[in-house]
Amino acid sequence: MDFYEITNEPLNVGEIARRVVPVECGAIVTLDGFVRKFTKGRETQYLVYEGYEPMALKEMEKLGERAKQLFEIANVGIVHRLGRLEIGETSVVISVASPHRRAAFEACEWLIKELKKTVPIWKKEVYADGEIWVTGNG
Amino acid sequence: MDFYEITNEPLNVGEIARRVVPVECGAIVTLDGFVRKFTKGRETQYLVYEGYEPMALKEMEKLGERAKQLFEIANVGIVHRLGRLEIGETSVVISVASPHRRAAFEACEWLIKELKKTVPIWKKEVYADGEIWVTGNG
Amino acid sequence: MNVQVLFFGATADETGEREIEFSFDENISAERAFAEIVEKYPRLKAHKLLFAVNQEYADGGEIIKNGDELAIFTAVSGG
Amino acid sequence: MNVQVLFFGATADETGEREIEFSFDENISAERAFAEIVEKYPRLKAHKLLFAVNQEYADGGEIIKNGDELAIFTAVSGG
């Protein structure tokens, strides 16, 4: 099963990863992105993620479909969390299942790179002395 | 925290992944290897993993140390399960945390490839009409 | 002809709005429509902006129709 | 001089043993020691074997000491 979701609830990495497993597959590669305490030496207190939800879901699904054309993979799952996230909490989980692990590694890495370029979600870093909306690299 | 473990209990992928997280890191890449239903078209009923446990732990630790020399990663966790595993159950989890995800992907892929060559653990595939100890590629 | 215009993150902060109604002449292109909106909220010019029409990235050539959903935002930073 | 010899997986099946005691002359090399064990269990010759001394892969040149732990197994297949 492929799935693309946006949620305000905490993410369970293992549970998400297992949902992409078809019987013919032997490996899942999962990326678990989470809130860093330090960004360029500055201490983050917490983050707020905001998304253009319907468009973000469409873009996530496009990425999954494109990944399945580019790589020999079986299933893709992408779940992004929105709202306030504390240090160490998972913001995004991307799981890819495939019969051969090489393709799963490649597809998972491609998916996170593309997600950061195209999926309309924004991150605000909150410091002790201010806050800033992070701008991606386009 | 790095860790290298062998267990007869079911593996919780998410719980394992989170143990490798240091505060300065932003991504964990996790490989979740599991029991396939079909191997070269033949239907597996279940698998039995056997290990030379003290040596396997030493070899796993060597791999983790080597990975930290080769790649810019913070922490490595490797947990392998032994005993009887049903279809779909996780046999091995390798989690790598790093500030930059590229290194985590590379290190995780390197670790599973090397683990399959050097860590003394063997897999027996049990079919309806027999069983076979799988021999690795050395 | 009326459309909805959505702002997110930095563009919501700059405009003080998250969602507005906006009126255009018929047959306006996306490029001209977005230019009009930016003129109304000049603080948006401080940013490199991305534009979407009906939840798809716009190339500017789209013809805006009554009831369309437009969005203006900065380079995404999810993940 | 006595050592322990461990078998795993296919080598345990071939020898019918998981752990045995084995006696050698003093100062025997790992290469000669493993050759003697394989002679006693000739069915092992059907396999490409790997050897370990004290939980480290052996290169054959090691000198076996009293109480050492030897192991004979086939190419690993974990993961």
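Keep in mind that the numbers below use all heavy atoms, side chains included, and drop hydrogens, waters and symmetry copies. In the text below, chain A, chain B and the rest are named by the order of the sequence lines, each starting its count at 1.
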Who in residues 23-44 of chain D is close to chain B, using a strict under-4.5 Å heavy-atom cut-off?
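The stretch does not come within 4.5 Å of chain B.
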
Only heavy atoms, only distances under 4.5 angstrom. Which residues in residues 54-67 of chain D are near chain B?
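The residues closer than 4.5 Å to chain B, in numerical order, are D:N54, D:Q55, D:E56, D:Y57.
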
Strictly distance-based, threshold 3.5 Å: is any side-chain N or O of B:T118 a donor or acceptor partner for the main-chain N or O of B:E114?
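Checked: pair present.
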
Looking at D:G9, D:G78, D:S77, D:A10, which makes the most heavy-atom pairs under 4.5 Å with chain B?
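If we count pairs closer than 4.5 Å to chain B, D:S77 comes out on top.
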
Contact check, side chains of B:Y52 and B:E59, non-hydrogen atoms, under 4.5 Å:
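Of all side-chain heavy-atom pairs linking B:E59 with B:Y52, none is under 4.5 Å.
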
Side-chain heavy atoms of B:I87 within contact of B:V35, under 4.5 Å:
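Contact flag for B:I87/B:V35 side chains = yes.
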
Does any backbone or side-chain atom of [X] lie under 4.5 Å from a heavy atom of chain D? Answer side chain, backbone, both or neither.
| X | result |
| --- | --- |
| B:W122 | both |
| B:S91 | side chain |
| B:Y49 | side chain |
| B:K123 | both |
| B:V119 | backbone |

As a quick check of understanding, evaluate side chain to side chain contact (heavy atoms under 4.5 Å, CB included) for B:V76 and B:D2, giving each step before the final call.
CA-CA 5 Å; B:V76 170; B:D2 297 320; 4.0 Å; yes

Full working for side chain to side chain contact (heavy atoms under 4.5 Å, CB included) between D:F51 and D:L70:
CA-CA 7 Å; D:F51 306 100; D:L70 279 54; over 6 Å; no

Restricting to non-hydrogen atoms, name the atom on [X] and the atom on [Y] that form the minimum distance, rounded to 0.1 Å.
| X | Y | answer |
| --- | --- | --- |
| D:L50 | D:A75 | CD1-CA, 3.8 Å |
| D:G79 | B:H80 | N-NE2, 2.9 Å |
| B:D32 | B:F34 | O-CD2, 3.4 Å |
| B:A107 | B:V96 | CB-CG1, 4.0 Å |

I need the contact set between residues 11-19 of chain B and chain D: heavy-atom distance under 4.5 Å, sorted by residue number.
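Heavy-atom contacts from residues 11-19 of chain B to chain D are absent.
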
Supply the atom-to-atom distance B:R66 CZ to B:K62 NZ, rounded to the nearest 0.5 angstrom.
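Output value for this atom pair is 12.0 Å.
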
Could you go step by step and tell me if B:M55 and D:F73 meet the side chain to side chain contact (heavy atoms under 4.5 Å, CB included) rule?
CA-CA 12 Å; B:M55 182 172 169; D:F73 45 80; 4.1 Å; yes

For B:A67, what residues pass the side chain to side chain contact (heavy atoms under 4.5 Å, CB included) criterion, not counting sequence neighbours?
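For B:A67, the residues satisfying side chain to side chain contact (heavy atoms under 4.5 Å, CB included) (neighbours in sequence not counted) are B:F71, B:I73, B:W110, B:L111.
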
Looking at B:E86, B:E9, B:E89, which hits salt bridge (Lys or Arg N to Asp or Glu O under 4.0 Å) with B:R81?
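The residue from B:E86, B:E9, B:E89 that satisfies salt bridge (Lys or Arg N to Asp or Glu O under 4.0 Å) with B:R81 turns out to be B:E89.
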
Whether over 12 other heavy atoms sit under 6.0 Å from B:M1 CE:
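No - once you tally the heavy atoms of other residues, nucleotides and ligands closer than 6.0 Å, there are 12 at most.
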
Going through the checks in order, is the side chain to side chain contact (heavy atoms under 4.5 Å, CB included) test met by D:N2 and D:F22?
CA-CA 6 Å; D:N2 291 313; D:F22 214 93; over 6 Å; no

Would you call B:K58 and B:E61 a salt bridge, taking side-chain N to carboxylate O under 4.0 Å as the test?
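Between B:E61 and B:K58 there is no salt bridge, as every charged N stays at least 4.0 Å from the carboxylate O atoms.
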
